[in-house]
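The figures that follow rest on heavy atoms only: side chains count, while hydrogens, waters and symmetry mates do not. Every chain is numbered from 1 and lettered A, B, ... according to where its sequence line falls, protein lines coming before strand lines.
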Number of protein chains: 2
Amino acid sequence: MEAQIDTILKSNHLSVTGGRRKILELFLSNPGALSHSDIEKKTEEKFDRVTVYRTLQAFLEKGLIHTIPTADNSIRYALCKDNCSAGHHQDNHVHFICSQCGSTLCLDETTIPSIRLPKGFVAARVEMVVNGVCKNCK
Amino acid sequence: MEAQIDTILKSNHLSVTGGRRKILELFLSNPGALSHSDIEKKTEEKFDRVTVYRTLQAFLEKGLIHTIPTADNSIRYALCKDNCSAGHHQDNHVHFICSQCGSTLCLDETTIPSIRLPKGFVAARVEMVVNGVCKNCK
DNA sequence: ATTTTTTTTGCAACGAAGTTGCGTTTATGT
DNA sequence: ACATAAACGCAACTTCGTTGCAAAAAAAAT
């Protein structure tokens with residue numbers, strides 16, 4: 001596990017530091033997406049707020065994580081299978097937000113159906129977010 | 001136009017005030033979605049920030065506008081055809097965010113396809129957001 | 001049309017969220 | 001082990017959003 005984390009960081013051209021190790025570990029051990037405040041809580045405020053912000057930004061830039069659009073104002077970050085291994089950013093799967101437990105999940109097996117846009121529109125990325133009740137909360 | 005605005009407000013059980021008239025007018029004359037800061041700019045800060053927040057909240061509650069999920073941190077509000085006329089909230093259409101001009105549009109004719117969720121998951125609301133280049137910017 | 005009641009507004013104060021600059025510390029490559 | 005480069009923590013600051021309250025405006029009632 002330890003070794004795996006360092007390998008992921010290095011292969012993404014990220015320096016290996018305590019904060020990044022810990023935050024990446026959180027993503028790996030968590031089934032769903034994490035918000036900034038989730039991370040602060042789970043690390044017991046061991047790291048400065050700014051460090052967490054900058055770490056997330058670094059992970060984003062390297063394509064390790066991606067953001068999930070939400071209707072409320074919270075940015076959620078998720079580490080998806082594709083991104084961990086390969087460097088390319090390909091996450092055309094559906095995201096699920098549970099209104100009960102609040103967790104955000106990547107439904108890796110549920111792919112986004114292709115849609116027909118009006119004439120003149122060109123799609124670069126399509127996001128699909130489902131709100132509802134998850135498996136565990138039903 | 002003036003009369004139309006007042007009618008919409010009244011039929012949604014909203015008091016007719018200067019601020020609400022102006023903000024509703026903005027939504028009607030704008031093709032896409034507006035953020036809070038968009039509104040502040042376009043009204044030239046004529047109204048207090050708090051008033052704008054409360055107006056948007058009131059419009060939301062009455063179903064006049066709805067929010068559009070975005071991956072960045074900005075809440076965008078849009079007034080859609082269905083909501084203006086009828087009171088019921090029905091927006092199962094796709095939203096489009098142009099990476100060029102930044103405008104957010106409701107693709108009213110493009111409906112969200114139904115998907116098959118994994119066992120145990122129950123959907124309450126589905127959102128679909130397309131990022132790309134819009135008709136005008138191509 | 002005037003008064004009463006209800007709603008909305010602006011102000012001030014506050015709290016949360018996110019950013020920037022800078023000196024210090026830590027990691028990396030040779 | 002050392003020089004270089006990157007990341008960290010701190011402080012200060014901006015932006016965003018909320019709440020309470022008194023004044024003003026709109027709606028309802030007389």
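- Among the atoms of the strands shown, base atoms are found under 4.0 Å from some heavy atom of Arg54(A).
- Although no hydrogens or angles enter the test, the distance criterion places no donor-acceptor pair under 3.5 Å between the side chain of Thr67(A) and the main chain of Arg76(A).
- Interface residues of residues 36-53 of chain A facing DNA chain C, ordered by number: Arg49(A), Val50(A), Tyr53(A); criterion, heavy-atom separation under 4.0 Å.
- Using modelled atom types, one side-chain atom of His66(A) and one backbone atom of Ala78(A) make a donor-acceptor pair closer than 3.5 Å.
- End-to-end axis angle of the helix from dA1(C)-dT30(D) to dT30(C)-dA1(D), from C1' rotation axes over five pairs per end: 40° (rounded to 10 degrees).
- For Glu40(A), the side chain to side chain donor-acceptor pair (under 3.5 Å) partners are His36(A), not counting sequence neighbours.
- Using a distance-only test at 3.5 Å, with no hydrogens or angles considered, no donor-acceptor pair links the side chain of Thr70(B) to the main chain of Pro69(A).
- Annotation: ring-ring contact (aromatic ring centres under 6.0 Å, His included) contacts involving residues 114-138 of chain B, sequence neighbours excluded, comprise Phe96(A)-Phe121(B).
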Please list, for nucleotides 25-30 of chain D, all pairs of protein and nucleotide N/O atoms separated by less than 3.5 Å.
| from | atom 1 | to | atom 2 | distance (Å) |
| --- | --- | --- | --- | --- |
| dA27(D) | OP1 | Val16(B) | N | 2.9 |

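- Both Thr55(B) and Asn73(B) lie near DNA chain C, and the one whose nearest nucleotide falls closer to the 5' end is Thr55(B).
- Atom CD of Gln57(A) and atom C1' of dA7(D) are 13 Å apart (whole Å).
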Using atom types as modelled, flag every donor-acceptor pair under 3.5 Å from a side chain in residues 48-59 of chain B to any protein atom, sequence neighbours excluded.
| from | atom 1 | to | atom 2 | distance (Å) |
| --- | --- | --- | --- | --- |
| Asp48(B) | OD1 | Val50(B) | N | 2.9 |
| Thr55(B) | OG1 | Thr51(B) | O | 2.7 |

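- Scored by the side chain to side chain donor-acceptor pair (under 3.5 Å) test, Asn131(B) finds no partners at all (sequence neighbours excluded).
- Nucleotides of DNA chain C that come within less than 4.0 Å of any heavy atom of chain B span, from the 5' end to the 3' end, dT7(C) to dG18(C).
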When the side chains of residues 23-32 of chain B are checked against the rest of the protein, which donor-acceptor pairs come out under 3.5 Å, sequence neighbours left out?
| from | atom 1 | to | atom 2 | distance (Å) |
| --- | --- | --- | --- | --- |
| Ser29(B) | OG | Glu25(B) | O | 3.0 |
| Ser29(B) | OG | Leu26(B) | O | 3.3 |

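- Checked against side chain to side chain donor-acceptor pair (under 3.5 Å), Ser103(B) has no partners two or more places apart in sequence or in another chain.
- Scored by the side chain to side chain donor-acceptor pair (under 3.5 Å) test, Arg21(B) finds Asp6(B) as partners (sequence neighbours excluded).
- For Thr110(A), the side-chain contact (heavy atoms from CB on, under 4.5 Å) partners are Val94(A), Leu107(A), Ile115(B), Pro118(B), not counting sequence neighbours.
- Residue Leu14(B) is grouped with residue Ile39(B) when hydrophobic side chains (ILVMFWY) are merged at heavy-atom distances under 4.5 angstrom, including chains of intermediate members.
- Between the side chains of Thr17(B) and Ser15(B), no donor-acceptor pair of N or O atoms lies under 3.5 Å.
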